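Lettering of chains follows the sequences in order, A, B, ..., and the numbering in each one begins at 1. Everything quoted here is computed from the prediction, not taken from an experiment.
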Number of protein chains: 2
Amino acid sequence: MPVHPYISTENSMTTSILYVEDELFLGKIVKETLEGQGFDVVWETDGAKVMNRFNSFNPDICVIDIMLPNIDGYSLCRQIRGLYQNMPIIFLTAKTTTADLVKGFEAGGTDYIRKPFSIEELIIRIKNQLNLKNSNGHTAPDNQEIKLGSFTFFPTKYELHSASGTIKLSQRDQQVLSLLCANLNRVTDRRELLLSVWGDDSFFNSRNLDVYIRKLRTYLSADPSIEIQTIKGKGYLFIG
Amino acid sequence: MPVHPYISTENSMTTSILYVEDELFLGKIVKETLEGQGFDVVWETDGAKVMNRFNSFNPDICVIDIMLPNIDGYSLCRQIRGLYQNMPIIFLTAKTTTADLVKGFEAGGTDYIRKPFSIEELIIRIKNQLNLKNSNGHTAPDNQEIKLGSFTFFPTKYELHSASGTIKLSQRDQQVLSLLCANLNRVTDRRELLLSVWGDDSFFNSRNLDVYIRKLRTYLSADPSIEIQTIKGKGYLFIG
DNA sequence: CAAAAACAAGGTTAATAAAGGTTAATGCCT
DNA sequence: AGGCATTAACCTTTATTAACCTTGTTTTTG
């Protein structure tokens, strides 16, 4: 994870989005997906009603389709920009020419996404706009931890904690253990392990992996409830 | 015309762009076009030399291709972001998948343009990024200081402050520490470090970097909560 | 068919190689 | 000379390889 909060959901309050889109099918999907991401979404299909909605809802960000009946997205954008200089406004449009894009930015848009777009792209660009706006603050580092019986494995720290202390893992230890954890209670293919840790088949006849499996087994031997079982001809079954 | 000056060139001084692109043909065209728009452009083709260029040039915005020899655009972005929280960074890339776009934003990018792109789009997005930055009113909140446990690191001053006094850092000290800070709580590739500090692979068999790591470890030893851990075969994990 | 080679897959341990750490000496500017 | 950057020499730790061991599964053959 990055040091700075370029991808993060808002902390205290939910972020509200004013979404203007006249296509019903697309609108429904986008609204629901954004809501699934924890955003508070008001979806308006009628360009003429947008400003009323805007004033009562007071969103954190606007996502606007350009081609709308009666009034176009550029006009809406200009109106909103007139009220709020720093409001992030993302255009979402089927207009693909550069001239349209330029027009979008000139109208005061802060980003422009061409249709068809992936929802992921919209989400990431919304978050990006919000981050640009609140370009401050530090995010907590990614302290992912995996519980393994009485142990706790910190992949990003290369550490394995237990009651009796902390074991510092080497690069290889960490890689092998991570992959086993990813397949907890399922068989991890020996080949897959070799390929993803060493990225090469030249290790297929080497005993290198076995050495690390042994090392990990030794580390984890303090807790009998977790175990790396060998499935001969297949791989390893990490149970815990 | 927009209500607010969302499209405008910088007022007093010319805007400077650090442009990283290894394709010579494209690079030349883009550089010349941007210069034709009144920008001051430094074009660098070698990813390994970018950080040196960056430090001496001190640009207003960076435009970075992702796929580069030796070091990739994401890494460069993380490094720059570590130094300057508010530096606009636009990715310019042939990678079209949404996953790559997400990766770009996660690395700290502030916009992402897919190739092939029109020069007009690049220009408008550059101007947009500059406007977004200025509209925040954050003219110079860029990392003048970085908190490291009980220390405070002033990259631009080449100083490390602690309760017991101020340590004056050398050029190399500062570069290495800056890069470690950019990847705080994440592994900094040894290779990446060598490339961006020395810009060259001729140091791969030298003990030079180790000497600086030791120096920094000694400086930081007063506070056990921050630590430069070695991940063999990979690099350094700076935790704090 | 059953016992015994032969084989395959993996385990164990030690030795070797590679990566990195430490310290001191050298070079290189002003 | 004095400060930094680099190299050198030597030491420590980690990764890999090698040699040999164990176990289970085929295959061969009496």
Atom OH of A:Tyr212 and atom P of D:dT17: how far apart are they, to the nearest Å? 10 Å
Hey, would you say the A:Tyr219 and A:Phe151 ring centroids sit under 6.0 Å apart? no
Evaluate the criterion side chain to side chain donor-acceptor pair (under 3.5 Å) for residue pair B:Glu192 and B:Gln79; output intermediate values, then yes/no. CA-CA 10 Å; B:Glu192 199 176 303; B:Gln79 291 175 39; 2.9 Å; yes
Looking at A:Tyr236, I'd like to know whether one of its side-chain N or O atoms comes within less than 4.0 Å of OP1 or OP2 on C:dG11. yes
Output the rounded distance in Å from CG (A:Asp210) to C1' (C:dT12). 9 Å
Expressed in angstrom and rounded to an integer, what is the separation of A:Leu193 atom CG from C:dA9 atom P? 17 Å
Please report, rounded to the nearest Å, how far the P atom of D:dA15 is from the CD1 atom of A:Ile213. 14 Å
Selection from C:dT12, D:dT6, D:dA15 that lies nearest to any side-chain heavy atom of B:Trp198: D:dT6
Please say whether more than 12 non-hydrogen atoms of neighbouring residues, nucleotides or ligands are located less than 6.0 Å from NZ in A:Lys234. no
Just how far, in rounded Å, is C1' of C:dG21 from CG of B:Asn208? 14 Å
Looking only at the side chain of B:Arg172 (C-beta and beyond, no hydrogens), which of the listed nucleotides C:dG20, C:dG10, D:dA5 gets closest? D:dA5
B:Lys168 or B:Leu209, whichever maps to the more 5' nucleotide of DNA chain D: B:Lys168
Going by an N to O cut-off under 4.0 Å, is there a salt bridge joining B:Glu44 and B:Lys49? no
Could you tell me whether A:Arg207 and A:Asp210 have a side-chain N and a carboxylate O separated by less than 4.0 Å? yes
Are B:Glu21 and B:Lys115 ion-paired here, with the side-chain N under 4.0 Å from a carboxylate O? yes
Could you check how far CZ of A:Arg207 sits from C1' of C:dT16, rounded to whole Å? 18 Å
Using 4.0 Å as the upper bound for N to carboxylate O, is an ion pair formed by A:Lys168 and A:Asp173? no
Got a sec? Which of residues 214-234 of chain A come in under 4.0 Å of DNA chain D, heavy atoms? A:Lys215, A:Lys232
Taking A:Glu121 first and then B:Arg114, would you say they form a salt bridge - that is, a charged N and a carboxylate O separated by under 4.0 Å? yes
Of the listed D:dC4, D:dA15, C:dG10, the closest approach to the B:Ser170 side chain comes from D:dC4
Can a salt bridge be assigned to the pair B:Asp72 and B:Lys95 using a cut-off of 4.0 Å between side-chain N and carboxylate O? no
Every protein N/O within reach of nucleotides 24-30 of chain C N/O, cut-off under 3.5 Å:
none

Grab the CD-C1' distance between A:Gln174 and D:dT14 for me, whole Å please. 15 Å
Can you tell me the distance, in whole Å, between the CD atom of A:Gln171 and the C1' atom of C:dG20? 14 Å
